[in-house]
Novice: 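Please read through the structure below; I'll follow up with questions.
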Amino acid sequence: MSAAGDGEDGAAAAAADTVVLEITDAAASPSSAPPPPPIPVSALAGPLPSPTVLAVRADRSRLIESSSYFRALLGGSFSESGSGYVRISCDLGAAVQVLRYLFEPPGSFAISHHNFLPLLEGALFLAVESLLVDCERWFRTVRSRNPSMVVPLDFIIEAWFFAQKHGVTFVEDVCPGYLAQNFVQVISSRSFVHIPYDLLCSTIESPHLTVDSEKQLCEAILSWISASRQSCEQSVSNSADNQLSLLSKVRVCLLPLGFAAGTKRNCFEFGNNAACMILNLLKDSLQTLLYTVTDDNLDSYRIRLTEYSKKIVLSGCPQLTTQFLYISALPTDLDAVFKRTIVSDVNDGCLNHYNGLVKKAKTLSFRNVRIVDLSKCPNVHFGAAILWMKWAFPELRTFIASYCLLFQFEDLQYLLLRCPWINEINLSIDTSVILSKYSIISSRSEVRRDVNQNLSSYYMQSGLYGTSVNPVFSNISKLILEGRNDITDMNLLEISMLKSSLCYINIKHCTLLTDDGISTLLLNCRKMHSMILSYTSFGNHSIQTLCSLDPSDGFSYHKDEHAHVMAFRLQELHLEGCEDGALCNFVGSSLEYLDISETVVSMVSFAPVIRRNSNLSCLKTAGCRNLLFEQGEVQSTSGNKYGRFLQEITSTCYLEDVEMGWAFCPVRVDDLIPSFSKVRRMTVGLGTTLPENILHALPEICPFLESLVLRFQVISDRVVRNLLESSTNLQVLCLHYCLGSLTSFSFQTMAPALRILRLQWVTPWITNDDLTILTQNCNLVELLLSGCKLLDSNSQEIISSGWPNLACLQLEECGQITLDGVDSILDCKALEEVLLRHTGRGIGRTIITDAIRELPLLRKLALDLCDASEGGYDTPNVPEGKMMRSVRMSRCKKSAAAARSCFVEASSSSSNPKPVQHRETIVLEWSSRQLTTAVVEERL
C-alpha cells in the first residue's frame with residue numbers, strides 16, 4: 001500500500017465532524033474522470049459504485065480516535081488536518097473493510113478468512129491498533145478450533161506470503177502449527193503442493209505435527225517434491241538441497257518396509273537407505289533402543305503422537321517391537337534410568353513397573369485416538385501392547401491386528417477385559433490353502449516352537465487370567481476372525497457372550513466351526529446384521545435360527561409378516577463355498593451384500609431373495625451352476641417364470657461389486673446401463689460371456705471401475721488397451737485363461753493407477769523387453785504371470801528393480817527365470833507371497849530358510865520340486881518365521897521315461913502349452929498354536 005495526501009476543500013463536506021475520503025485504488029491506472037459522488041459509510045456493505053475510486057463520508061472524530069494514520073493526517077500539522085475532503089491512494093478493498101470494521105455495529109461485522117487479509121493490510125497501512133489486535137486474536141483462535149480444519153489451505157498459504165512480505169510475526173508463528181495439527185486434511189488438498197518450502201519445513205518441525213503414520217508424512221513430502229521438480233520454480237541446486245532437507249525429517253525407522261523399498265523406484269538413494277536401516281533394526285532393535293535411551297535421543301524412534309491424533313497406523317512394520325509403542329508415549333521428562341527399565345521390562349514380557357509408569361505418565365493420554373492398526377507387526381508382544389492401549393488411548397474404538405498370526409484367542413479375551421470400550425476388532429489372517437474338498441493323504445500336527453510360552457503366566461500376573469468377559473461392559477459390535485482355522489465352537493460360545501452388542505461377525509475359513517456352533521452364536525447374538533461365513537459349515541441349523549422368531553422381539557405390529565426374525569434385518573451375508581443350499585428358507589429383505597459363490601444354491605431359492613432385496617449393492621454368484629438348472633416347479637432362466645435373470649437383477653439393483661457366472665447370459669449393453677454405473681469391482685467368470693462391444697464399453701458403462709477380473713472371456717488388444725487408457729481408476733486387472741490374440745501393444749500405455757496385474761495363460765509372447773515397458777508404465781505391488789516361456793534369468797532383475805515394492809509375485813511355466821537361482825527375487829524385501837513353479841531348475845535346497853530370513857514380511861511360499869537344483873528342499877528344524885502362514889511344495893506326475901522332466905511333457909509345438917498336472921502337494925501350515933504338515937492329493 002502507498003498513500004498520497006493531496007487535500008482539497010469540499011464545500012459540501014465542510015461540517016466540523018464529517019470528512020469525505022476519496023480513496024483511489026493504488027493498483028488502478030490514473031484516470032481523468034471525475035470522482036463519484038460521496039456515499040455514507042453504511043453503504044459500503046453493498047455493491048460499490050466504482051472498482052477503482054470511491055468517495056465516502058465518515059465521522060472525523062472516529063477516524064482520529066481509531067487510527068494513528070488519520071490522527072496524524074486529520075488532527076496533526078498536515079495541510080489536510082482542517083480539510084473536509086481528503087484523497088488517499090491505497091488498496092481500495094482493504095480500505096473499505098477497515099471502514100466497515102470502524103463504523104458498522106460489532107454484531108453485524110465479523111472477521112473471517114474472506115476478509116482477514118484485506119483487514120490486516122488495511123490495519124497495517126492505516127495503523128488501526130484495535131483492528132490489529134482483533135486480527136491477531138481471530139487468527140490465533142482459528143488454530144485452537146479443534147478438531148477440524150476451518151479455513152482453506154489457500155488462505156493459509158496467502159497469509160504466509162503476506163506475513164513474510166510485511167513482517168507480521170503472529171501469522172508466521174501460527175501458520176506452521178495450524179497446518180501441523182491439521183496435516184491429515186492439509187495433504188488431501190490440491191493446494192498442498194503449492195505450500196512454500198519454508199512453511200512446509202516449519203510445519204514438519206512443529207511438535208504438533210499430526211499424521212496417521214510416518215508413511216503418510218513421507219508420501220506427502222515425496223508428492224510435494226515431485227510437484228516441485230515439475231514446476232521448476234527453484235534453481236536445481238537449491239531445489240535438491242530442500243528436498244534432501246525435507247526427507248531428512250522423516251523418521252525412517254517407522255516406515256513400513258514395503259513402502260520404504262518402494263520409494264527406490266523414484267528416489268533410489270533415500271529408499272535404499274531407508275530399507276537398509278529397517279533391515280538392520282530388525283536384527284537387534286532392543287540394543288539400538290537401549291543405546292538411544294541412554295543417549296536421550298529417542299525422537300527418531302518415537303511414533304508421532306499429539307493431542308490431535310485420531311488414528312495410529314503402524315501396519316507393515318516388522319521392525320517395530322512393543323518397546324517402540326511405550327517410548328512413544330513416555331513423558332519426555334522421565335529420567336533415562338526409568339525409561340531403560342521400561343524398555344527392558346517390555347522386552348521380557350512383563351511389566352513390573354506398569355503401576356509406576358501409569359502414575360508418572362498419567363497426563364500422557366491421547367483421548368482423541370480412535371483407531372490403532374498393528375497389522376503385519378509380528379514382533380509386537382500383544383499382552384504388553386494391550387496394556388499400552390489401555391493406558392495411552394482411553395477412547396480407543398477400533399483395533400486392527402490383521403496378519404498377526406501369533407495373536408491368540410487368550411489375547412482377544414485379555415483385550416476385551418482391559419479395553420472394554422473398543423467396538424471393532426480385526427484379527428484376520430490368510431485363509432488356509434487346504435479346503436475340505438481336497439483329498440488329504442496324510443496329516444500330522446505339532447505345537448509351534450515359537451508360540452509364546454509365557455502367555456498364561458503373563459496374564460496371571462495381571463490377575464485377569466481365566467476371567468470371563470462381562471457382556472455388560474463389552475461394546476464389541478464388529479469382530480473379524482477371518483482365516484483363523486484354530487477357532488473352535490467353544491471359542492465361539494465365549495464370543496456369544498457379547499450378545500448385547502455384537503452385530504457383525506466374520507468367521508470366513510474358520511473351518512473347525514460346526515453348523516451347530518454357528519447356530520448357537522446366532523441364537524445368542526440376535527442383533528446380528530452382517531455375517532461373513534464363507535467356507536464354514538453354515539447349514540440348515542444356522543439358516544433355521546436365522547429365520548426363526550426372535551424371542552426378545554416385542555412382536556409389535558409390522559406390515560411384513562417376517563419382520564420379527566433375524567434374517568429380516570440382515571444386511572450382509574457371505575456364504576461362498578458353503579456346501580448347503582439352505583438359502584431357500586431365507587426371508588430377509590434388508591440385504592446389501594450377498595455372496596453365494598461356489599455354492600449349490602438354485603434359482604428356486606435365489607430369485608425370491610433378489611426380488612425381496614432391492615438395496616443390493618454387492619452380488620457374487622460365480623460358480624453357482626445350479627442357477628441354470630430346472631428344479632421342481634422352477635422353469636429354466638429362459639422360461640416365463642423368471643425370464644432373463646440379468647435383466648431382472650439390473651432392473652432391481654444398483655450394484656457396486658458384482659461377480660457374474662452361470663445364469664447371466666445373454667448380456668446386452670441395455671442390461672448394464674444404468675444399473676452398473678456405480679460398479680467398482682467386477683468379476684466375469686465361467687458361464688457368462690461378455691461380447692467385445694461390452695468389454696470395450698466398460699469404461700463408459702462403469703466409470704468408477706477399480707477392479708476387473710475376466711475368466712474364460714474373448715479379449716483383444718483393442719479391449720485391454722482401452723481399459724488401461726480409459727479406466728483411470730483401474731487398480732486391478734486379472735485375465736485368466738482368456739481367448740483372443742493379445743500382443744505387446746495392449747500394455748504399451750501408461751496405467752499409473754494399476755497396482756495388481758494377473759496374466760494367467762494369456763500372454764505367452766512376453767519378453768524381457770515387454771517386462772521393462774511394463775515397469776515403466778505401471779507401479780505394481782502384485783504380479784502373476786503364467787505360460788510366459790520366453791522369460792529367462794534376466795527377468796528377475798527387471799522385476800526386482802522395476803517394482804521394488806512388490807508384495808506378491810507368482811510365476812508359473814515362465815521359461816528359465818530361476819535357472820541361475822533366486823537372488824534378485826530375494827532382493828524384493830517387501831514380498832509377502834511368492835509362487836515359483838516350473839521356472840527353471842536352479843532353486844537351492846535352502847530356499848525356505850533363505851526366503852524366511854531375507855523377506856521379513858513373507859507369509860506364503862509355493863514351490864515345485866521340479867525347480868530344485870539338487871532334487872529337493874530342506875525343511876529346517878525351526879522353519880517358522882513369525883509371519884509365515886504356509887509353505888507348499890508340489891510334485892509332478894512321473895513321466896513315462898525316467899530321464900524326462902516335467903519341462904518337456906508339454907508339446908514343444910504347442911503355441912499355448914497347458915499347465916503340467918501335479919501328483920500331490922506337501923503343505924506346511926501354521927496357525928497361532930501349531931504347525932500342520934499335510935500331503936494333499938491335489939495341486940494347490
Side-chain angles (χ1 to χ4, degrees), residues 215 219 222-223 226 230 256 258-268 271 680-683 695-696 698-699 702-710 715-736 738 742-788 790-791 794-812 814 817 824-825 827-835:
K215 172 188 173 183
E219 282 179 325
L222 291 173
S223 173
S226 177
Q230 296 174 11
F259 173 78
T263 59
K264 291 194 290 186
R265 183 177 168 90
N266 297 312
C267 197
F268 181 82
R680 296 181 181 274
R681 294 168 296 278
M682 178 186 292
T683 296
L695 289 173
H696 188 267
L698 278 180
C702 311
F704 304 107
L705 191 64
E706 298 174 358
S707 174
L708 178 63
V709 180
L710 300 177
I715 56 177
S716 64
D717 282 343
R718 176 173 174 263
V719 167
V720 175
R721 180 86 177 216
N722 186 57
L723 280 168
L724 294 177
E725 291 179 341
S726 303
S727 294
T728 56
N729 298 314
L730 191 65
Q731 300 175 27
V732 180
L733 178 62
C734 304
L735 307 176
H736 301 282
C738 291
L742 285 188
T743 69
S744 59
F745 177 75
S746 295
F747 300 99
Q748 292 175 359
T749 183
M750 295 294 294
L754 194 66
R755 293 294 177 267
I756 296 176
L757 180 63
R758 299 174 186 164
L759 303 174
Q760 193 168 17
W761 301 100
V762 293
T763 53
W765 41 261
I766 279 186
T767 64
N768 286 341
D769 289 340
D770 297 321
L771 269 183
T772 301
I773 292 173
L774 265 178
T775 63
Q776 296 166 353
N777 289 338
C778 51
N779 183 15
L780 299 181
V781 296
E782 182 173 329
L783 175 67
L784 184 156
L785 297 175
S786 294
C788 303
L790 302 180
L791 299 181
N794 293 323
S795 307
Q796 279 192 51
E797 173 61 27
I798 296 172
I799 292 171
S800 64
S801 60
W803 297 302
N805 56 330
L806 208 60
C808 176
L809 177 62
Q810 298 187 29
L811 303 173
E812 185 173 10
C814 285
I817 287 183
S824 292
I825 291 178
D827 285 339
C828 294
K829 299 302 181 182
L831 279 172
E832 302 174 15
E833 181 176 352
V834 177
L835 182 148

Novice: Drop me the distance from T772's OG1 to I798's CD1, to the nearest 0.5 angstrom.
Specialist: 3.5 Å
Novice: Measure the spacing between CG of L705 and CG of N729 and express it to the nearest 0.5 Å.
Specialist: 8.5 Å
Novice: With a 4.5 Å heavy-atom cut-off, do P699 and L723 have their side chains touching?
Specialist: yes
Novice: Please enumerate all residues that pass salt bridge (Lys or Arg N to Asp or Glu O under 4.0 Å) together with R755, with sequence neighbours excluded.
Specialist: none
Novice: Go through the structure and list residues passing side-chain hydrogen bond (donor to acceptor under 3.5 Å, both in side chains) with E832, not counting sequence neighbours.
Specialist: K376, R859
Novice: Looking only at heavy atoms, what is the nearest atom pair of C814 and G787, with distance?
Specialist: SG-N, 4.3 Å
Novice: By side-chain contact (heavy atoms from CB on, under 4.5 Å), which residues pair with R721, not counting sequence neighbours?
Specialist: E725, F745, Q748, T749
Novice: Going by salt bridge (Lys or Arg N to Asp or Glu O under 4.0 Å), name the residues that satisfy it together with R265, two or more places apart in sequence or in a different chain.
Specialist: none
Novice: Testing the basics here: between L780 and L806, what is the closest heavy-atom pair and its distance to 0.1 Å?
Specialist: O-CD1, 3.7 Å
Novice: Would a 4.5 Å heavy-atom cut-off, applied to side chains only, mark L757 and V732 as touching?
Specialist: no
Novice: Please round to the nearest 0.5 Å and tell me the distance separating atom NZ of K264 and atom OG of S800.
Specialist: 8.0 Å
Novice: Report the C-alpha separation of M682 and S707 in whole Å, then their side-chain angles, then the decisive distance to 0.1 Å, and conclude whether the side-chain contact (heavy atoms from CB on, under 4.5 Å) test is met.
Specialist: CA-CA 6 Å; M682 178 186 292; S707 174; over 6 Å; no
Novice: Applying the side-chain hydrogen bond (donor to acceptor under 3.5 Å, both in side chains) criterion to S746, which one of D717, T763, N722 satisfies it?
Specialist: D717
Novice: Quick one, V720 with F747, criterion side-chain contact (heavy atoms from CB on, under 4.5 Å). Give me CA distance, side-chain angles, the key distance, then yes/no.
Specialist: CA-CA 8 Å; V720 175; F747 300 99; 4.1 Å; yes
Novice: Tell me every residue that passes side-chain hydrogen bond (donor to acceptor under 3.5 Å, both in side chains) with D769, counting only those two or more places apart in sequence or in another chain.
Specialist: none
Novice: Among all residues two or more places apart in sequence or in another chain, which pass the side-chain hydrogen bond (donor to acceptor under 3.5 Å, both in side chains) test with T263?
Specialist: none
Novice: Kindly indicate, with the supporting measurements, whether the criterion side-chain contact (heavy atoms from CB on, under 4.5 Å) is fulfilled by H736 and V709.
Specialist: CA-CA 8 Å; H736 301 282; V709 180; 3.9 Å; yes
Novice: Among N768, L811, I799, which residue satisfies the side-chain contact (heavy atoms from CB on, under 4.5 Å) criterion with L791?
Specialist: N768
Novice: Calculate, to the nearest 0.5 Å, the distance between atoms CG and CD belonging to L831 and E782 respectively.
Specialist: 11.0 Å
Novice: What residues, two or more places apart in sequence or in another chain, satisfy side-chain contact (heavy atoms from CB on, under 4.5 Å) together with Q810?
Specialist: L784, C808, E833, L835
Novice: In Å and rounded to the nearest 0.5 Å, what is the CD to CD1 distance from Q796 to I825?
Specialist: 4.0 Å
Novice: What's the separation between atom OG in S727 and atom CD in E706, rounded to the nearest 0.5 Å?
Specialist: 10.5 Å
Novice: Kindly write out the residues that satisfy side-chain contact (heavy atoms from CB on, under 4.5 Å) with D770, not counting sequence neighbours, or none if the list is empty.
Specialist: S744, W765, I766, T767
Novice: Do L771 and L785 make a side-chain contact, defined as non-hydrogen atoms from C-beta onward lying under 4.5 Å apart?
Specialist: yes
Novice: side-chain contact (heavy atoms from CB on, under 4.5 Å) with S223: which residues, sequence neighbours excluded?
Specialist: V193
Novice: With sequence neighbours left out, which residue pairs that include part of residues 795-810 fulfil the salt bridge (Lys or Arg N to Asp or Glu O under 4.0 Å) condition?
Specialist: none
Novice: With a 4.5 Å cut-off on side-chain heavy atoms, are W803 and L783 touching?
Specialist: yes
Novice: For D827, which residues count as a side-chain hydrogen bond (donor to acceptor under 3.5 Å, both in side chains) partner, sequence neighbours excluded?
Specialist: none
Novice: Among residues two or more places apart or on two chains, list those pairs meeting salt bridge (Lys or Arg N to Asp or Glu O under 4.0 Å) that have a residue in residues 802-811.
Specialist: none
